[in-house]
Amino acid sequence: ILNVEQSPQSLHVQEGDSTNFTCSFPSSNFYALHWYRWETAKSPEALFVMTLNGDEKKKGRISATLNTKEGYSYLYIKGSQPEDSATYLCASHHRDDKIIFGKGTRLHILP
Amino acid sequence: DAGVTQSPTHLIKTRGQHVTLRCSPISGHKSVSWYQQVLGQGPQFIFQYYEKEERGRGNFPDRFSARQFPNYSSELNVNALLLGDSALYLCASSFINEQFFGPGTRLTVL
């Protein structure tokens, strides 16, 4: 059974602090790694898609890295703001067209 | 430009009934995927369709079926509903590597 593991499950961060969390995914048949932000009562919003080992993507204060050989990705948030509070999902996409989501990291930004 | 739309927003059914959920992808997107998300879990992949053909299927029983129409919209059908089918059903349309999700249909089975 292929699993995507995200850690931590939940995180409380003081406003202004930086934080990061991890996604571990099966590296066999790997095609792409997706990160999403999911706010309550909204659709998951795509943050990044990464395909190549060593990929780094950045969008404003949020960035992500990818290591396909060891099967992990990090998401970094710099200078957390209240609007960053959400669940962050990662999903690995494999060449057999299977897409596997982790359970997410629930991020709470404390004022 | 409209994003992915899903209907209905909410649905209540009883055990044994069947349900049809609908999804319209973003204009120009030919691929649609369906996911089931139960509380506390990540979305679970059910199906992917591309150009009206099934491209991928997750570990769901045969009670779950789907199809894609010539206009690339899609339906997810679930027969003989069980209490455990209560979940948020998400549809996503994709272009190249990127997926865009709809707001979901919340199904409650009583």
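Both backbone and side-chain heavy atoms feed into the values below; hydrogens, waters and symmetry mates do not. Predicted model only: the values in this text are computed from it and were never measured. Letters A, B, ... are given to chains in the order of the sequence lines, protein chains preceding strands, and every chain is numbered from 1.
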Subject >> Heavy-atom neighbours of A:H108 NE2 exceed 12 at 6.0 Å >> reply: yes

**OP:** Nearest 0.5 Å please: distance from the NE2 atom of A:H93 over to the OG atom of B:S94.
**Re:** 7.5 Å

Subject >> CG (B:L83) with more than 12 external heavy atoms under 6.0 Å >> reply: yes

Original post:
With a cut-off of 6.0 Å (strictly less than), are more than 12 heavy atoms of other residues, nucleotides or ligands near CZ of B:R15?
Top reply: no

**OP:** May I ask you to check whether B:F45 and A:F101 place their ring centres under 6.0 Å from each other?
**Re:** no

Original post:
Shared ILVMFWY cluster between B:Y35 and B:F64, side chains joined below 4.5 angstrom?
Top reply: no

Original post:
Where on A:T87 is there a heavy atom nearer than 4.5 Å to chain B: the side chain, the backbone, both, or neither?
Top reply: neither

Subject >> Structural part of B:Y50 lying under 4.5 Å from a heavy atom of chain A >> reply: neither

**OP:** Flag the pair B:P43 / A:Y36 as yes when at least one side-chain heavy-atom distance between them is below 4.5 Å, and no otherwise.
**Re:** no

Original post:
Would you say A:V49 and B:Q99 make side-chain contact, with heavy atoms under 4.5 Å?
Top reply: no

Original post:
Is chain B contacted by the side chain of A:F48, its backbone, both, or neither, given a heavy-atom distance below 4.5 Å?
Top reply: neither

Original post:
Contact part of A:I99 toward chain B, heavy-atom cut-off under 4.5 Å: side chain, backbone, both or neither?
Top reply: both

**OP:** Can you tell which part of B:R57 gets under 4.5 Å to a heavy atom of chain A, answering side chain, backbone, both or neither?
**Re:** backbone

Original post:
Under 6.0 Å from the NZ atom of A:K57, do we count more than 12 heavy atoms belonging to anything else shown?
Top reply: yes

Original post:
Quick one: of A:G102, A:A91, A:C90, who has the most non-hydrogen atom pairs under 4.5 Å with chain B?
Top reply: A:G102

Original post:
Linking I/L/V/M/F/W/Y whenever any side-chain heavy atoms sit under 4.5 Å apart, do A:Y88 and A:Y74 land together?
Top reply: no

Original post:
Would one find more than 12 heavy atoms of other residues, nucleotides or ligands at under 6.0 Å from atom CD of A:Q9?
Top reply: no

Subject >> Pairwise side-chain contact, A:P44 with B:L90, heavy-atom cut-off 4.5 Å (strictly under) >> reply: yes

Original post:
Is the number of heavy atoms from other residues, nucleotides or ligands within 6.0 Å of CG (B:N71) greater than 12?
Top reply: yes

**OP:** Just give me the residue among A:A41, A:G104, A:A46, A:S43 that pairs up with chain B most often, heavy atom to heavy atom, under 4.5 Å.
**Re:** A:S43

Original post:
Is it true that atom CZ of B:F69 has more than 12 heavy atoms of other residues, nucleotides or ligands lying nearer than 6.0 Å?
Top reply: yes

Subject >> Crowding at NZ, B:K13 (>12 non-hydrogen neighbours, <6.0 Å) >> reply: yes

Original post:
Given a strict heavy-atom distance threshold of 4.5 Å, which part of B:Q37 is in contact with chain A: side chain, backbone, both, or neither?
Top reply: side chain

Original post:
So what's closer than 4.5 Å to chain A heavy atoms on B:Q48: side chain, backbone, both or neither?
Top reply: side chain

**OP:** Check whether any side-chain heavy atom of A:E45 sits under 4.5 Å from a side-chain heavy atom of B:F100, and report yes or no.
**Re:** no

